[in-house]
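These notes are about the structure you will find just below.
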Number of protein chains: 2
Amino acid sequence: MVQQVDDTRRAPLNRDRVLRAAVALADEAGIDTLSMRNLAQELGVVPMALYKHVANKEQLLDGMVDVIVGEIEPPAGDADWRTAIRQRILSARRVLLRHPWASRVIESRSQPTLVVLDYLNSIVGMFRAGGFSVDLTHHVMHALGSRVWGFTQELFPTSPLPADPELQAVMFREMAGRYPHIAEIAVAAHDEGSVVGRGCDDQFEFEFALDLLLDGFEKRHQQGWTSTNQS
Amino acid sequence: MVQQVDDTRRAPLNRDRVLRAAVALADEAGIDTLSMRNLAQELGVVPMALYKHVANKEQLLDGMVDVIVGEIEPPAGDADWRTAIRQRILSARRVLLRHPWASRVIESRSQPTLVVLDYLNSIVGMFRAGGFSVDLTHHVMHALGSRVWGFTQELFPTSPLPADPELQAVMFREMAGRYPHIAEIAVAAHDEGSVVGRGCDDQFEFEFALDLLLDGFEKRHQQGWTSTNQS
DNA sequence: ACCTGAACACCGTTCAAGT
DNA sequence: ACCTGAACACCGTTCAAGT
């Protein structure tokens, strides 16, 4: 039995097994726990054995992003540009929600991989297929920014509230005194009448901003906007 | 002379001197070079001496963000909400461009400091003063995201092009073959007729996206949008 | 030729010994 | 009581010694 476990672990390593183990480790233990040393231990090999399949840690992270991109659904062929892009981005978002570390890793990449370029190229192509000019498509991709991956840079990560409800109330009263405007919109986050902000509906916020952007894209497209003829 | 330098360095440390030295070190040598050990050396003290003024490295980074926020211009009192907010955000952007490490550090914070809350509170207040409902202001702040700081999460940092123009041409031809849509919009980045994308006008892209968002905010405000009455 | 243990050059932070 | 050197528990990666 122990022998069998050893055999499994000693199954020949390859790049794919390394990457999948890295994704699994990051999913389970968090990205901070993902070190070359920990990953090697997880795979039952010596740390240096990893360096035969990835040149260094940066390339490991690149490969992990590629695994994630592979999980994004291909575009629905029949829909108009707006719904097709919307669906694709929301699919990317579902993938990122399954892998909470992924947005941080994506942000940290300095060079896109071929797989990433494929994904971006296909999104760009969807705007072009929808009749967008090269010029407008360019600016629209910039405006989308990290939202093509399905994530927004939040102002600050939803700070976990203290468990003690009394302490919550104290914190909230302090907030309301010093930061009345923030307190106001924190309460507006939900309409169940609770006094304390319990965090927001991230999905709603994401779609609100995405649709607002798509509205603007559509309008400029219809108006024949170009970077040189704008008012 | 040497004595005098030593005296300067041994001037009593305080939190402010530590933070300013950290900002200066990050500006000059990059955020990766900013370690507690390097910072201490820069200040001519032993590493552990820093821990009397900041609890740990996280708090040092928090303090550095506070320094940056202090450089953002206060709001112009007389303008309408749209121009006032626009000006403020573009001021924040100029600050961030002076401190290239700042956006990454801001993103990495897990709890906003009091100074950061002050800044955000004042932005929220600007929407409220412009007549925005609490509800709409809430969603609008989310849609703005990191743009209230004056930065966009780029899809991938402008990868420095190889110096060799011949190598550039080869790379571009490969790109055009594999990623025709990306190649197309890369060329559109500028109209000087060069074949190779030389990076984009970041300021133009930022303002394009910001104005598109502000347009959308204005429209929804005028229409009396609420999260419950939307079509 | 392949594999890998030890070592290198770093981290942030703890802790106990020295003043 | 204050200050600080040494040490701890980590990193990613190099390199040379062992098979």
Side-chain angles (χ1 to χ4, degrees), chain A residues 6-26 28-66 101 104-111 113, chain B residues 6-26 28-66 101 104-111 113:
Chain A
D6 277 351
D7 281 1
T8 312
R9 293 201 149 172
R10 278 181 198 157
L13 264 195
N14 56 44
R15 195 181 148 88
D16 198 61
R17 267 195 73 212
V18 170
L19 296 183
R20 286 183 192 287
V23 168
L25 182 56
E28 286 154 27
I31 194 70
D32 292 334
T33 306
L34 180 80
S35 67
M36 298 300 273
R37 290 163 131 104
N38 283 342
L39 178 58
Q41 197 177 15
E42 202 73 13
L43 286 161
V45 299
V46 83
M48 286 312 297
L50 299 175
Y51 285 81
K52 198 167 301 154
H53 305 101
V54 288
N56 49 39
K57 192 176 180 182
E58 290 300 295
Q59 213 183 81
L60 175 76
L61 294 171
D62 279 341
M64 290 170 72
V65 171
D66 287 353
W101 48 270
R104 288 185 61 123
V105 173
I106 289 171
E107 286 175 294
S108 74
R109 300 303 77 212
S110 55
Q111 294 278 353
T113 63
Chain B
D6 277 353
D7 282 359
T8 312
R9 290 199 150 172
R10 280 182 197 157
L13 264 194
N14 56 46
R15 195 180 148 89
D16 198 62
R17 269 194 71 213
V18 170
L19 296 182
R20 288 184 189 287
V23 167
L25 182 56
E28 286 155 28
I31 194 69
D32 291 334
T33 306
L34 180 79
S35 67
M36 296 301 271
R37 289 161 130 106
N38 283 343
L39 178 58
Q41 197 177 13
E42 201 75 12
L43 285 161
V45 300
V46 83
M48 285 313 296
L50 299 176
Y51 284 82
K52 198 167 301 155
H53 304 101
V54 288
N56 48 40
K57 191 175 183 184
E58 290 300 294
Q59 214 183 79
L60 175 78
L61 294 171
D62 279 340
M64 292 170 71
V65 171
D66 287 352
W101 48 270
R104 288 185 61 126
V105 173
I106 288 170
E107 287 175 293
S108 73
R109 299 305 76 213
S110 54
Q111 293 279 351
T113 63

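Numbers restart at 1 for each chain; the letters A, B, ... are given by sequence-line order, proteins then strands.
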Legend entry - 4.5 Å side-chain heavy-atom contact, Val105(B) and Ile31(B): yes
Inset, instruction - Could you state the atom-to-atom distance from CD1 of Ile31(A) to C1' of dG12(D) in whole Å? - result: 15 Å
Legend entry - Spacing between Gln41(A) atom CD and dA9(D) atom P, to the nearest angstrom: 16 Å
Legend entry - Validation row: Val65(A), Thr113(A) side chains within 4.5 angstrom (heavy atoms): no
Inset, instruction - Find out whether Val54(B) and Asp62(B) are in side-chain contact, i.e. whether some heavy atom of one side chain is under 4.5 Å from a heavy atom of the other. - result: no
Inset, instruction - Would you kindly give the CG-to-P distance between Leu60(B) and dC11(C), to the nearest whole Å? - result: 14 Å
Legend entry - Whole-Å distance separating the CE atom of Met36(A) from the C1' atom of dG12(D): 8 Å
Legend entry - Assigned partner base of dA1(C), Watson-Crick or wobble definition, under 3.5 Å: dT19(D)
Legend entry - Euclidean distance for C1', dT14(D) against dG12(C) (whole angstrom): 23 Å
Legend entry - Atom pair distance, as rounded to whole Å: CG in Leu34(B) and P in dC10(C): 16 Å
Inset, instruction - For residues Glu58(A) and Gln111(A), determine if any side-chain heavy atom of one lies less than 4.5 Å from a side-chain heavy atom of the other. - result: no
Legend entry - Residue pair Pro47(A) / Arg37(A), side-chain heavy-atom distance below 4.5 Å: yes
Inset, instruction - Kindly say if Asn38(B) contacts the phosphate of dC11(C), meaning a side-chain N or O under 4.0 Å from OP1 or OP2. - result: yes
Legend entry - Heavy-atom side-chain proximity of Leu60(A) to Met64(A) below 4.5 angstrom: yes
Inset, instruction - Please name the pair of heavy atoms, one in Val23(A) and one in Trp101(A), separated by the smallest distance, quoted to 0.1 Å. - result: CG1-CZ2, 3.9 Å
Legend entry - Interatomic distance where CG belongs to Asn56(B) and P belongs to dG12(C) [whole Å]: 11 Å
Inset, instruction - Residues of residues 46-54 of chain B with any non-hydrogen atom less than 4.0 angstrom from an atom of DNA chain C: list those, numerically ordered, please. - result: Met48(B), Tyr51(B)
Legend entry - Nearest-angstrom distance from the residue atom NZ of Lys57(B) to C1' of dC10(C): 12 Å
Legend entry - Rounded distance (Å) that lies between atom P of dA9(D) and atom CZ of Arg37(A): 14 Å
Inset, instruction - Could you tell me which nucleotide pairs with dC8(D) by Watson-Crick or G-U wobble geometry, both distances under 3.5 Å, or answer none if nothing does? - result: dG12(C)
